[in-house]
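Here's the structure we're looking at; comments come further down.
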Amino acid sequence: MEVRPCKDCTWYRAQIEGAAKYPRVRADLEALFGAHLRRAHSDAERAARRRA
């Protein structure tokens, strides 16, 4: 079974790629993407949401 990336992940990757010439913007997008990954895809966060 193949797991498809979520739409937000795809969006962040496209924006980061498009910001290659703008280091500050790219860094901001990478930080936001990291926060998204921790919030939406971390095992600890998913377990906490199941308990709630």
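Scanning all heavy atoms of the two residues, the minimum distance from Arg26 to Ala19 falls at CB-O, 3.7 Å. Closest of all the heavy-atom pairs between Leu29 and Tyr12 is O-CD2, 4.2 Å.
Annotation: side chain of Gln15 is not in contact with side chain of Phe33 (no heavy-atom distance under 4.5 Å).
For the atom pair Leu37 CG and Leu32 CG, the distance stands at 11.0 Å (nearest 0.5 Å).
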